[in-house]
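None of these values were measured; they are calculated from a predicted model.
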Amino acid sequence: MALEPAASRRRLAGPPTWDGDLCPCRGAQQIGSRAPLSSIPNAIHDVSLSLRILIVEDHDDLADALRANLRSEGYQASVASDGRQALAMVRADPPDIVVLDLGIPGLDGLALLSRLRAEGHWCPVLILSARDSDSDKVEGFRLGADDYVTKPFRTLELMARVEAMGRRVVRERAAASVQPAPAARVPATEPDASLLTPQQVMSACGLTLRQAEVALLIAEGRSNPEIAGRLGISRFTARNHAEQIFARLKVESRWQVARALCDAVAVVVGVRGGPSGPPSI
């Protein structure tokens with residue numbers, strides 16, 4: 001029997017990776033040698049080749065396995081276990097690549113992705129999720145994802161996709177080194193819709209009570225499945241309400257909802273001369 005090529009033989013290392021139901025599916029694989037990024041055509045040699053990757057994953061075993069494999073490939077890998085922690089880490093020290101699970105606590109993965117893009121963080125994002133429906137994939141790409149891998153996944157394929165993103169980062173750095181970079185966008189103060197009531201939102205935005213409740217949950221960063229569970233409605237109904245809210249508020253994405261609600265209520269309170277409305281933004 002023919003021997004397997006040396007380049008395709010891999011060593012198993014670290015804890016198991018997991019599928020979408022948290023069942024062990026295959027050993028985490030340590031990838032063999034790869035061509036150094038410095039050999040990529042058109043790359044400038046003084047560009048740092050130690051790329052930083054943020055893993056946003058709330059299952060410790062999978063996060064540890066991913067981090068171990070990425071570090072074995074020469075990347076600097078760190079982990080955030082929820083969406084709000086990930087957002088703070090990106091704001092403090094933007095990574096070169098983000099590997100993003102969608103079903104994370106604190107701030108849903110899609111909401112986090114939308115917020116990152118809104119604040120001007122354009123590092124490549126690879127979604128790694130058990131959600132395999134076409135609608136989830138389309139929404140992920142619409143919000144700015146660069147790649148989408150479903151769980152369970154093949155470690156070799158995941159590493160190859162990350163490496164492809166790394167090549168893109170190096171080329172973009174090389175291009176940026178020969179032309180002035182655009183001024184960094186300074187994100188506006190984040191609006192806080194937590195003090196708004198459904199009644200205020202109904203009056204200011206012309207929404208029904210149910211739509212107002214959905215809008216406030218969207219402003220919290222909740223996903224459609226989370227909203228459906230919270231309000232006891234179907235996911236289909238939650239999605240329909242979200243689309244109607246976007247149309248009424250004239251926004252294109254979930255991250256804009258909080259700002260639109262706060263602005264609308266502030267206008268109504270100002271016109272009526274009533275007591276303090278939404279929080280200062």
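- A donor-acceptor pair under 3.5 Å links the side-chain atoms of Gln256 to the main chain of Ser253, judged by distance alone.
- The structure places NE2 of His59 at 11.5 Å from OG of Ser81, a figure rounded to the nearest 0.5 Å.
- The side-chain heavy atoms of Ile97 and Cys123, taken from C-beta on, include no pair separated by under 4.5 Å.
- When side chains are defined from C-beta on, Arg254 does not count as touching Leu110, because their heavy atoms never get closer than 4.5 Å.
- Linking ILVMFWY side-chain heavy atoms closer than 4.5 Å, directly or via other members, places Met202 and Leu216 in two distinct hydrophobic clusters.
- Residues Leu128 and Phe153 form a side-chain contact, since some pair of their non-hydrogen atoms from C-beta on lies under 4.5 Å apart.
- A distance-only check finds a donor-acceptor pair linking the side chain of Arg117 to the backbone of Gly144 [under 3.5 Å].
- Using a 4.0 Å cut-off between a side-chain N of Lys or Arg and a carboxylate O of Asp or Glu, Arg230 and Glu226 do not qualify as a salt bridge.
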Going through the distances and angles, do Glu157 and Arg161 end up as a side-chain contact (heavy atoms from CB on, under 4.5 Å)?
CA-CA 6 Å; Glu157 178 186 352; Arg161 291 175 182 268; 2.8 Å; yes
Which side-chain N or O atoms in residues 233-249 pair as donor and acceptor under 3.5 Å with protein atoms at least two apart or in another chain?
from   : atom 1 : to     : atom 2 : distance (Å)
Ser234 : OG     : Thr237 : N      : 3.0
Ser234 : OG     : Thr237 : OG1    : 2.8
Gln244 : OE1    : Gln211 : NE2    : 2.8

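- Separating the CG atom in Leu112 from the NE2 atom in His121 is a distance of 10.0 Å, to the nearest 0.5 Å.
- No side-chain donor from either of Glu139 and Ser135 sits under 3.5 Å from a side-chain acceptor of the other.
- A salt bridge does not link Asp132 with Lys137: every distance from a Lys NZ or Arg NE/NH1/NH2 to an Asp or Glu carboxylate oxygen is 4.0 Å or more.
- When side chains are defined from C-beta on, Asp101 does not count as touching Val56, because their heavy atoms never get closer than 4.5 Å.
- Inter-residue side-chain proximity for Gln76 and Ile53 is flagged as unmet; no heavy-atom pair is nearer than 4.5 Å.
- Looking at heavy atoms from C-beta onward, Asp96 lies out of side-chain contact with Tyr75 at the 4.5 angstrom threshold.
- Counting heavy atoms from C-beta on, the side chains of Leu70 and Ile55 come closer than 4.5 Å.
- Residues Leu100 and Trp122 fall into different hydrophobic clusters, defined by Ile, Leu, Val, Met, Phe, Trp and Tyr side chains chained together at heavy-atom separations under 4.5 Å.
- Distance check: Leu158 CG to Leu66 CG gives 6.5 Å after rounding to the nearest 0.5 Å.
- Closest heavy-atom contact between Val79 and Ala63: CG1-CB, 3.8 Å.
- One hydrophobic cluster holds both Phe141 and Leu113 under the rule that ILVMFWY side chains link at heavy-atom gaps under 4.5 Å.
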Does the pair Arg171 and Arg168 meet the rule for a side-chain contact (heavy atoms from CB on, under 4.5 Å), with working shown? CA-CA 5 Å; Arg171 289 195 176 101; Arg168 187 180 114 191; 5.8 Å; no
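- In this structure, OG in Ser223 is found 5.0 Å from CZ in Arg131, a value given to the nearest 0.5 Å.
- For Gln199, the CD atom counts as densely surrounded, since its 6.0 Å shell holds more than 12 non-hydrogen atoms of other residues, nucleotides or ligands.
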side-chain contact (heavy atoms from CB on, under 4.5 Å) assessment of Asp108 paired with Arg222
CA-CA 6 Å; Asp108 178 76; Arg222 304 294 179 181; over 6 Å; no
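- Taking 4.5 Å as the limit, every side-chain heavy atom of Ser194 sits out of range of all side-chain heavy atoms of Glu220.
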* To do: Apply side-chain contact (heavy atoms from CB on, under 4.5 Å) to the pair Val201 and Leu207, showing each step before the final yes or no.
  => CA-CA 7 Å; Val201 172; Leu207 300 176; 3.8 Å; yes
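- Note that the CG atom of Asp192 and the CZ atom of Arg259 stand 11.0 Å from one another [nearest 0.5 Å].
- The nearest pair of heavy atoms linking Gly140 to Ile127 is CA-CD1, 3.9 Å.
- What you find for Pro124 and Met165 is that their closest heavy atoms are CB-SD, 3.8 Å.
- For the atom pair NZ (Lys151) and CD (Glu57), the distance works out to 3.5 Å, reported to the nearest 0.5 Å.
- A salt bridge is defined here as a Lys NZ or Arg NE, NH1 or NH2 lying under 4.0 Å from an Asp or Glu carboxylate O, and Arg84 with Asp58 fails to meet this definition.
- Tracing side-chain contacts under 4.5 Å through hydrophobic residues (I, L, V, M, F, W, Y), one reaches Val251 starting from Val265; they form part of the same cluster.
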